Amino acid sequence: MRAAGVREVGGRVELLELPEPDGPGPDEVVLEVETAGVGNWDDIVRAGAWNVGLTPPMALGVEVAGTVVAVGSQVTDLRVGDEVLGHPLQLRHQGCWAERVVVDAGLVVLKPRGVSWEQAAAFPVPALTAEQVISESLEVVESETLLVHGAGGTTGGLLVQLAALRGVRVIATAGPSSAVRVAQGGAAEIVDYHDARWPDRVRELTGGVGVDAAVNTVPGGSADAVLALREGGRMATITGDPPAAERGISVADVYVRPDATQLAELCALLGDGRLALSVGTVLPLAEAAAALERAVSGAKGGPVVLQVRPTRAGD
């Protein structure tokens, strides 16, 4: 089968011919992959710094959207023909940048009607990251104030939306090009991060006290974000750069984990329009290297997706 990945740790991304899956184990399903997400985390896997359960030669990709084509003997809640999406780690046979993939049936959920294949592939990692920051690491509640530093990105935008749905007052940093979209997502106030004094501006918006909680999505941005927190506040970063604890502030360095229950709840919000996600770039599997380069560069416009199954007439 066709796939895109690496022949060795740290190698260049290229098209590969890999063996077809043998078939599902008792708790697995085989998916015909429609689309697969691409993120900077895939480059971490490529470089060997994130163990996802495989060794090269291997397909990359940890976000999948596709159709169930085979079901294991112990799987009772999925059937052939179901359209699903997921973040199915640990990977069992190959990564998701492949025509077919074997996954743990408990780590994929039904794709909501009306959600495109492109949205489905781009959704799992940023949505789960945002939910785990909001509900677990920071435990923000109604009446609190949350700073989202880097709200113009995919995960940042979902953080804003999820917090606003919970009645949290969100102060967001964003550039002029994304300010309107961030406001539509539910941010009460938006501060331009191009202003070097933006943490002071955030503190001014809270009467000089500082926000109750803050999440950083900007590489290297935690040191600035922590300045906007009140004494004893809560800080989370998703970029691996936690600031030193000070002023009684608790700090969490957050890494996403698969969670089908959370993902199903998030998909319900996406399906009924309470969450929004716009895909930026869709490229064919043959252009996986360019897709990863675009994702790593942080190109504006939204998440990057691979179209794995070629578009057919009538699609």
Side-chain angles (χ1 to χ4, degrees), residues 37 39-40 115 118-119 122-123 125-135 137-138 140-206 210-222 224-229 233-239 254 256 266 269-270 272-281 294-295 297-305:
N40 58 357
V115 170
E118 293 79 12
Q119 288 175 306
F123 189 67
V125 166
L128 284 169
T129 302
E131 174 61 27
Q132 289 162 17
V133 166
I134 293 290
S135 65
S137 298
L138 295 179
V140 290
V141 297
E142 188 176 2
S143 81
E144 288 194 306
T145 301
L146 171 70
L147 165 68
V148 178
H149 182 34
T154 302
T155 305
L158 289 168
L159 280 160
V160 169
Q161 293 176 63
L162 287 171
L165 285 173
R166 289 166 167 81
V168 176
R169 176 191 173 195
V170 179
I171 301 175
T173 70
S177 63
S178 57
V180 171
R181 172 167 47 82
V182 172
Q184 291 172 340
E189 292 95 6
I190 300 171
V191 177
D192 190 343
Y193 64 85
H194 293 100
D195 181 353
R197 294 186 63 256
W198 72 258
D200 295 331
R201 176 59 178 151
V202 173
R203 295 187 71 89
E204 291 169 5
L205 290 170
T206 60
V211 295
D212 298 299
V215 55
N216 172 62
T217 75
V218 179
S222 291
D224 288 331
V226 75
L227 299 176
L229 273 165
R234 293 145 13 237
M235 172 82 196
T237 183
I238 65 171
T239 55
V254 180
V256 67
L266 292 162
L269 295 174
L270 182 66
D272 67 17
R274 285 185 286 171
L275 287 180
L277 176 70
S278 296
V279 173
T281 303
R294 185 173 181 85
S297 71
K300 302 295 184 182
V304 181
V305 169

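Worth saying up front: this structure is predicted, and the values here are computed from it rather than measured.
Between the CD1 atom of I190 and the OG atom of S178 there is a distance of 7.5 Å, given to the nearest 0.5 Å. Rounding to the nearest 0.5 Å gives a distance of 11.0 Å between CG of L277 and CD of E118. One distance of note links CG of L159 with OG1 of T154; it measures 11.0 Å at 0.5 Å rounding. Separation of atoms CD1 (I171) and CG (L146) is listed at 9.0 Å; rounding is to 0.5 Å. Here the straight-line distance linking atom CG of L205 with atom CG of D200 works out to 11.0 Å at 0.5 Å rounding. Between atom CG of residue L229 and atom CG of residue D212 there is a gap of 8.5 Å, rounded to the nearest 0.5 Å.
Judged as a salt bridge (charged side-chain N to carboxylate O under 4.0 Å, His left out), the pairs with a partner in residues 156-170 (not counting sequence neighbours) are, in order, E131-R166, R169-E189. Sorted by first then second residue, the ring-ring contact (aromatic ring centres under 6.0 Å, His included) pairs that include residues 143-199, not counting sequence neighbours, are H149-W198. Annotation: salt bridge (charged side-chain N to carboxylate O under 4.0 Å, His left out) contacts involving residues 148-157, sequence neighbours excluded, are absent.
Minimum heavy-atom separation, A127 to L266: O-CD1, 3.5 Å. Here the shortest heavy-atom pairing between V182 and A151 reads CG2-O, 3.5 Å. I134 and A163 get closest at one heavy-atom pair: CD1-CB, 3.9 Å. Of all non-hydrogen atoms in R294 and T281, the two that sit nearest each other are NE-OG1, 2.7 Å. Pairing each heavy atom of G152 with each of A174, the nearest pair is N-CB, 4.4 Å. Summarising the geometry of V202 relative to A228, their closest heavy-atom pair is CG1-CB, 3.7 Å, with the distance given to 0.1 Å.
R234 contributes no side-chain N or O that, together with a main-chain N or O of S137, makes up a donor-acceptor pair within less than 3.5 Å. In this structure a side-chain-to-backbone donor-acceptor pair under 3.5 Å is present from Q161 to A276.
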Stepwise side chain to side chain donor-acceptor pair (under 3.5 Å) check, S222 with T237: CA-CA 7 Å; S222 291; T237 183; 3.0 Å; yes
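Counting heavy atoms from C-beta outward, L147 and T173 have side chains that approach closer than 4.5 Å.
Of the residues V256, V133, L158, T155, the one that meets the side-chain contact (heavy atoms from CB on, under 4.5 Å) test with L128 is V256.
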